[in-house]
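Model, not experiment: these values are computed from the prediction. A, B, ... follow the sequence lines: proteins, then strands. Residue 1 opens every chain. These values consider heavy atoms only, across backbone and side chains, with no hydrogens, waters or symmetry-generated copies.
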2 protein chains.
Amino acid sequence: MQSLPHPIPDDLAELIARRFRAIGEPMRVRILDLLRDGELSVNVLAEQLGAGQQNVSKHLSVLAETGIVARRKEGNHVYYRVVDEGVFALCEQVCGSLQSQLSTLAALVGGLPT
Amino acid sequence: MQSLPHPIPDDLAELIARRFRAIGEPMRVRILDLLRDGELSVNVLAEQLGAGQQNVSKHLSVLAETGIVARRKEGNHVYYRVVDEGVFALCEQVCGSLQSQLSTLAALVGGLPT
DNA sequence: CTACTGTACAACTAAATCGTTGCAGAGAGT
DNA sequence: ACTCTCTGCAACGATTTAGTTGTACAGTAG
């Protein structure tokens, strides 16, 4: 079913970690969220994020190098889109974990002895 | 279906990024892999990883703070186990993405024009 | 051709992070 | 009580990374 070899070879661990690190940045998470509806140009992204163009461009480079997004140049603008749809599944999975953690905590607070 | 609000609030982006960053480290990926079969003590982990005990302990702290693993103390040893089984799903998802990337590249190489 | 817009690259500063070293505390055995 | 093992905390140096600033290049408009 799952093809993960069991002592994970170091190279694979490195690859996996690299991908997680690519998403492990608030700005990049927000970029991916904005790209959920479709491709956007750098300046629109920067505007919506309230961040500098160069900064956004750099983050997009990181995501592009990892193969999560792709660029398409048209005239004066460059449009980025998500090519690895799996990232959305990742985010939802993480949100699920966060929610169960929170509900566990909530249950603890609710069930406090006097 | 998916409960992600659409402009993601900054706080949530921060939380999601934090979790990804927690797994975005080769050593921690390997630790999680070793913990797949069940709980292990710090010294056993350090031994299997070929890393220093303090180093492993620190990485375990990061994973514990994020709520991915939990500690259980028994006598002289401390055993760690994975409490958020979702991380395995995350890793498999990432591996799937890596594989499709590789196969795409392989297809490109194979389809090279003379 | 010149001016303007949109984007990426390079250099710099500041901050976060990894790994190591040294030390302190807890538990088990003699 | 003394010692040994296992573990976590604090501090240090070295590497990495984020964000800003300046600049260069491509495409568009006048």
Could you tell me how far apart B:Leu49 (CG) and C:dG19 (P) are, to the nearest whole angstrom? 11 Å
B:Asn43 CG - D:dT5 P separation (whole Å): 12 Å
Integer-rounded Å distance: C:dT17 P and B:Asn55 CG: 15 Å
Taking NZ, NE, NH1 and NH2 as the nitrogens, is one of them in A:Arg19 or A:Asp84 under 4.0 Å from a carboxylate oxygen of the other? yes
Among A:Val29, A:Thr66, A:Val82, find the one that has a side-chain contact (heavy atoms from CB on, under 4.5 Å) with A:Val87. A:Val82
Contacts of A:Glu74 and A:Arg28 projected onto DNA chain D by closest heavy atom; the upstream (5') one is A:Arg28
Within less than 4.0 Å of OP1 or OP2 of C:dA26, is there a side-chain N or O belonging to B:His77? no
Integer-rounded Å distance: D:dT7 C1' and B:Ile31 CD1: 14 Å
For residues A:Leu35 and A:Tyr80, report the shortest heavy-atom separation together with the two atoms involved. CD2-O, 3.4 Å
Can you tell me if the side-chain N/O atoms of B:Tyr80 get under 4.0 Å from OP1 or OP2 in D:dC6? no
Using modelled atom types and a 3.5 Å cut-off, is there a donor and acceptor pairing between side-chain atoms of B:Ser57 and backbone atoms of B:Gln53? no
Phosphate oxygens OP1/OP2 of C:dA16: is one of them under 4.0 Å from a side-chain N or O of B:Arg21? no
Roughly, in whole Å, what's the span from CZ in B:Arg71 to C1' in D:dT7? 8 Å
Write down the distance between CD (A:Glu65) and C1' (C:dC9), rounded to a whole number of angstrom. 12 Å
To the nearest Å, give me how far apart CD (A:Gln54) and P (C:dA11) are. 15 Å
If you measure from the Lys or Arg side-chain nitrogens to the Asp or Glu carboxylate oxygens, is any gap between B:Asp33 and B:Arg30 under 4.0 Å? no
Just call it for B:Tyr79: base, sugar-phosphate, or nothing, with non-hydrogen atoms closer than 4.0 Å on any strand. nothing
Between C:dT7 and A:Ser57, is there an OP1 or OP2 to side-chain N/O distance shorter than 4.0 Å? no
What nucleic acid atoms does A:Gln53 come within less than 4.0 Å of, heavy atoms only: base, sugar-phosphate, or nothing? base
Where the side chain of B:Glu25 is defined as all heavy atoms beyond and including C-beta, which of C:dG19, C:dA26, D:dA18 is the nearest nucleotide? C:dG19
Looking across every strand, which nucleic acid part, if any, lies under 4.0 Å from A:Lys58 by heavy atom: base, sugar-phosphate, or nothing? base
Taking the nucleotide of DNA chain D with the nearest heavy atom to each, does A:Gly52 or B:Ser41 sit closer to the 5' end? B:Ser41
Nearest whole angstrom, please: distance from the P of C:dC18 to the CD1 of B:Ile23. 13 Å
Which part of the nucleic acid, if any, lies within reach of B:Asn76 when heavy atoms closer than 4.0 Å are counted: base, sugar-phosphate only, or nothing? base
